Amino acid sequence: MTSSSRRTLTGAVALTTAGFMALGLGAASAHVTVSPASTTENGYSQLTFSVPNESESAATNKLEVQLPTEQPFTSVRVKPVEGWTAEVVTGALPAPVTTDDGATLTEAPLSVVWTAEAGAEISQQEYQTFSISVGRLPEAGSTVLLPATQSYTDGDVVEWNQEAEEGAEEPDKPAPSFVTTVAAEGDAHGGSHTAAEGAETPEAIDAEQTASSTDTASTSPVAWIGLVAGLLGLAAGAVALVRTRRTA
């Protein structure tokens, strides 16, 4: 095979690889992000954090997510991740909070900390997801800010705590966040169907809502863009490979 053919083949492989990477665009991004299964006010939701490793020489071995204190969650449960231990840290709120039902809260879950066991760290070119079930969500239109701290095996610490402002450029280290929405008409409990049925218990998030989250992700615009880009990359790689064989 000539050097020109090798270069063409290398380019084809690169295009094909780019196509496959595009297919996973929605799963692993450049920042620590959060994907809520539901954003409905007064309901429960599964929040999934996507954590990519951005270091070229170290692995991610710890993640800490700060929870809201002005409108605290009264229920926080952690989904197990193999090789990682998780702790829900509960403590005193900066100021007492009165809930919609008249109760006064002085303590609430303040953060969730995941720590990797030896060999389970997030290495180069890898990402991991961490999920929690929370409730209840604040009123519609509220921005739920969830600052995250990502720690590496070499001692580096990255703070994902900058709040994005509407109309401004995205900050360098944006905090994971989402905005709550109004309840669908007919939802008496102010949540999605799944959340409404289990709104009185911490078990509001189950396999049904997880499946709903998966379906939503698979049909999102980002997922479709990734699919198209991946197919284009595969097609370009195949054409280049055929040309290379003819030249050879």
Side-chain angles (χ1 to χ4, degrees), residues 25-27 29 31-51 65-79 88 93 97-103 105 108-112 129-148 160-171 174-226:
L25 182 62
S29 62
H31 306 319
V32 173
T33 59
V34 62
S35 298
S38 171
T39 58
T40 307
E41 62 180 346
N42 202 36
Y44 289 79
S45 182
Q46 175 176 271
L47 308 181
T48 299
F49 297 88
S50 179
V51 183
V65 174
Q66 301 294 325
L67 303 177
T69 55
E70 292 185 0
Q71 295 176 299
F73 299 132
T74 56
S75 171
V76 177
R77 300 170 66 198
V78 179
K79 182 177 181 179
V88 178
L93 294 169
V97 174
T98 302
T99 63
D100 292 339
D101 57 9
L105 302 178
L110 302 179
S111 66
V112 182
T129 56
F130 303 89
S131 296
I132 57 177
S133 163
V134 301
R136 303 181 179 218
L137 299 184
E139 64 180 354
S142 301
T143 297
V144 180
L145 203 65
L146 302 158
W160 301 96
N161 59 4
Q162 298 174 327
E163 186 173 0
E165 296 182 5
E166 188 176 355
E169 292 186 4
E170 182 182 61
S177 66
F178 65 94
V179 179
T180 56
T181 55
V182 296
E185 186 175 354
D187 282 347
H189 291 280
S192 64
H193 182 66
T194 302
E197 290 181 345
E200 303 304 328
T201 67
E203 286 73 20
I205 302 304
D206 55 14
E208 211 175 305
Q209 190 169 54
T210 302
S212 174
S213 174
T214 303
D215 292 343
T216 301
S218 65
T219 56
S220 68
V222 172
W224 282 112
I225 291 172

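We use all heavy atoms of the structure for the numbers below, so side chains are in, but hydrogens, waters and symmetry mates are not. Since the structure is predicted, the reported quantities are computational estimates derived from the model, not experimental observations.
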Heavy-atom closest pair, residues P176 and P147 = CD-CA, 4.4 Å
task = Would you name the heavy atoms of P109 and V88 that are closest together and state the gap between them?
result = CB-CG1, 4.0 Å
query = Rounded to the nearest 0.5 Å, how far apart are OG1 of T69 and CG of L93?
reply = 6.5 Å
request  = Over all heavy atoms of both residues, which pair between F73 and R136 is shortest? Give the atoms and the distance, please.
outcome  = CD2-O, 3.8 Å
inquiry  = Tell me which one of L47, V78, V134 satisfies side-chain contact (heavy atoms from CB on, under 4.5 Å) with V112.
reply    = V78
inquiry  = Which heavy atom of A183 sits nearest to which heavy atom of T40, and what is that distance?
reply    = CA-CG2, 3.5 Å
request  = Please name the pair of heavy atoms, one in A37 and one in S45, separated by the smallest distance, quoted to 0.1 Å.
outcome  = N-OG, 3.4 Å
key: Which atom of T180 lies closest to which atom of A140, heavy atoms considered   = OG1-CA, 3.4 Å
ask   = Can you find a side-chain donor-acceptor pair between T48 and S131 that sits under 3.5 Å?
value = yes
inquiry  = Could you measure the distance from the NE2 atom of H31 to the CD atom of E170? Nearest 0.5 Å is fine.
reply    = 4.0 Å
inquiry  = What's the separation between atom OH in Y44 and atom CG in L137, rounded to the nearest 0.5 Å?
reply    = 9.5 Å
Any donor-acceptor N/O pair, T129 side chain to F49 backbone, under 3.5 Å = no
task = Output the distance between atom CD1 (I132) and atom CG (L146), rounded to the nearest 0.5 Å.
result = 7.0 Å
query = Is the number of heavy atoms from other residues, nucleotides or ligands under 6.0 Å of Q162 CD greater than 12?
reply = yes
inquiry  = Holding to side-chain contact (heavy atoms from CB on, under 4.5 Å), I want the full list of residues that pass it with V179, two or more places apart in sequence or in another chain.
reply    = T143
